[in-house]
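Values below: all heavy atoms of this structure, side chains included; hydrogens, waters and symmetry mates excluded.
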Amino acid sequence: MNSERRGPGFYVLTAFFALFVLFLYGPMTTIFILSFQGPNGGLTFPMNGTSLRWFRNLLFEQQAVGDFGGAFTRSLVLGIMTMLTTVVVSLLAGLAFRRRFLGSGPLFYLTIASLIVPSILISLGIGLAFQVFGLEPAWYSSAFGAHLTWTLPFGLLIMFAVFNRFNPAYEEAARDLGATPWQTFAHVVLPIILPSLVGVGLFGFTLSYDEFARTLMTSGTFNTLPLEIYGMTTNVTTPVLYALGTVTTLFSMGIILLALGTIAVLRKRRARRIAG
């Protein structure tokens, strides 16, 4: 057998990819390792023993600085609000844009324009608008709107791609069999696009849960988790901050795995229905 010889370009690209992975996951791995510092450990290497001390401190002890529980709850609720709104609006917009209507072009470009505007300017503009109208900025109002300017364009683009590949013959067959428009949507369209809707929801939640810049000027007097972590970087001098980073990272990965599992189950069910 003739073995294919690899040229020098292969090894250059391999080295570049290895450096990219190291740059991408190195900081996260460092924080994960340092979160297991011993009771007398500090914020840097070398490690002074290993323990779960800082995880117990984070979960079961009162913190002198920072409100972990409150910030996490606010980020979680805000992420769920953003996720549900993004899914509903993206679905409705995807259905609406299946047909051309007056002003559809300008409306589309206006919707995605927020992606090219710096996030900090979006945050500043929304915060100033609330002050002009005499409203108090808060994480559940102004920050919620700021997050939607970030998640909705992505949700719309995903749903546009989904409906561009959608075969309208399925709907025509359902109508030929006497199905009403609602029955056609509920029993034909929705089951087919449901995995994509789960993806849109996951995208909306993760973007909102981790968002910092668009929350900075709009969260009001109570911080979300990214703002709380940023504020703690100048005050906390123990590895409890790394433990918080590890816990929140594992939580995010759990959400992603849950969404992927849901998509896999939905696809298997659809395959069984088609086979049956």
Side-chain angles (χ1 to χ4, degrees), residues 75-119 122 126 140 143-175 179-211 213-215 252-274:
S75 287
L76 180 62
V77 173
L78 180 58
I80 293 174
M81 291 168 53
T82 304
M83 174 187 69
L84 295 177
T85 305
T86 301
V87 168
V88 173
V89 175
S90 298
L91 173 59
L92 296 178
L95 292 170
F97 273 86
R98 296 182 73 185
R99 297 182 180 179
R100 301 285 295 182
F101 56 88
L102 182 62
S104 60
L107 180 61
F108 170 76
Y109 292 114
L110 182 64
T111 302
I112 65 173
S114 63
L115 294 179
I116 62 176
V117 178
S119 297
I122 296 288
I126 293 177
Y140 53 81
F144 174 56
H147 284 203
L148 288 179
T149 65
W150 183 232
T151 61
L152 278 178
F154 286 108
L156 293 177
L157 291 175
I158 293 173
M159 292 312 301
F160 291 165
V162 169
F163 281 116
N164 281 338
R165 295 179 313 203
F166 189 86
N167 189 350
Y170 298 127
E171 298 170 277
E172 295 174 3
R175 287 193 292 267
T180 64
W182 170 250
Q183 289 173 329
T184 301
F185 171 76
H187 299 291
V188 178
V189 178
L190 187 58
I192 294 176
I193 67 172
L194 195 55
S196 299
L197 288 178
V198 174
V200 170
L202 173 64
F203 211 47
F205 179 83
T206 52
L207 287 178
S208 172
Y209 181 75
D210 296 330
E211 181 57 29
R214 298 187 187 227
T215 319
S252 299
M253 290 181 176
I255 294 294
I256 294 173
L257 292 176
L258 178 62
L260 293 176
T262 302
I263 292 174
V265 170
L266 292 174
R267 287 178 175 172
K268 286 183 179 179
R269 287 183 179 179
R270 188 174 67 181
R272 289 197 204 101
R273 289 178 181 177
I274 295 175

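- At least one side-chain heavy atom of Met159 sits less than 4.5 Å from a side-chain heavy atom of Ile193.
- Between Ile192 atom CD1 and Phe166 atom CZ the span is 4.0 Å, to the nearest 0.5 Å.
- Between the Thr206 side chain and the Leu202 main chain, a donor and an acceptor come within less than 3.5 Å of each other.
- The two residues Gly145 and Ile126 come nearest to each other via the heavy atoms C-CD1, 4.2 Å.
- Between the CD atom in Glu172 and the OG1 atom in Thr184 there is a gap of 10.5 Å [rounded to 0.5 Å].
- Considering all non-hydrogen atoms of both residues, Ser119 and Arg214 come closest at OG-NE, 3.1 Å.
- Side chains of Thr82 and Phe205 form no contact here, defined as non-hydrogen atoms less than 4.5 Å apart.
- Interatomic distance, CG of Leu156 versus CD1 of Ile112, reported as 9.5 Å (0.5 Å rounding).
- A 4.5 Å side-chain heavy-atom check between Leu157 and Phe108 finds at least one atom pair inside the cut-off.
- Side-chain contact between His147 and Thr215 is present, with at least one heavy-atom pair separated by less than 4.5 Å.
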Could you walk me through whether Ile122 and Trp150 pass side chain to side chain contact (heavy atoms under 4.5 Å, CB included), step by step? CA-CA 9 Å; Ile122 296 288; Trp150 183 232; over 6 Å; no
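- Looking only at distances, a side-chain donor or acceptor of Ser114 sits under 3.5 Å from a matching main-chain atom of Thr149.
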Determine, stepwise, if the pair Thr86 / Thr151 fulfils side chain to side chain donor-acceptor pair (under 3.5 Å). CA-CA 7 Å; Thr86 301; Thr151 61; 2.9 Å; yes
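- The neighbour count for Leu257 CG, taken as heavy atoms of other residues, nucleotides or ligands under 6.0 Å away, is above 12.
- The shortest non-hydrogen separation linking Pro195 to Pro191 is CD-O, 3.9 Å.
- Using a 4.5 Å heavy-atom threshold, the side chains of Tyr209 and Ile255 count as separate.
- Between the CZ atom of Arg267 and the CG atom of Leu194 there is a distance of 11.0 Å, given to the nearest 0.5 Å.
- Taking CG from Leu197 and CG from Leu266, the interatomic distance works out to 10.0 Å, rounded to the nearest 0.5 Å.
- Side-chain N or O atoms of Ser90 include none that pairs as donor or acceptor with a backbone N or O of Val87 at under 3.5 Å.
- Between Phe101 and Leu107 there is a side-chain heavy-atom pair separated by less than 4.5 Å.
- Annotation: Arg175, atom CZ; neighbour count of heavy atoms from other residues, nucleotides and ligands within 6.0 Å is above 12.
- One finds the CZ atom of Phe160 at 4.5 Å from the CZ atom of Phe97 (value rounded to the nearest 0.5 Å).
- Here the shortest heavy-atom pairing between Ala259 and Val198 reads O-CG1, 3.9 Å.
- The closest side-chain heavy-atom distance from Val200 to Leu91 is not below 4.5 Å.
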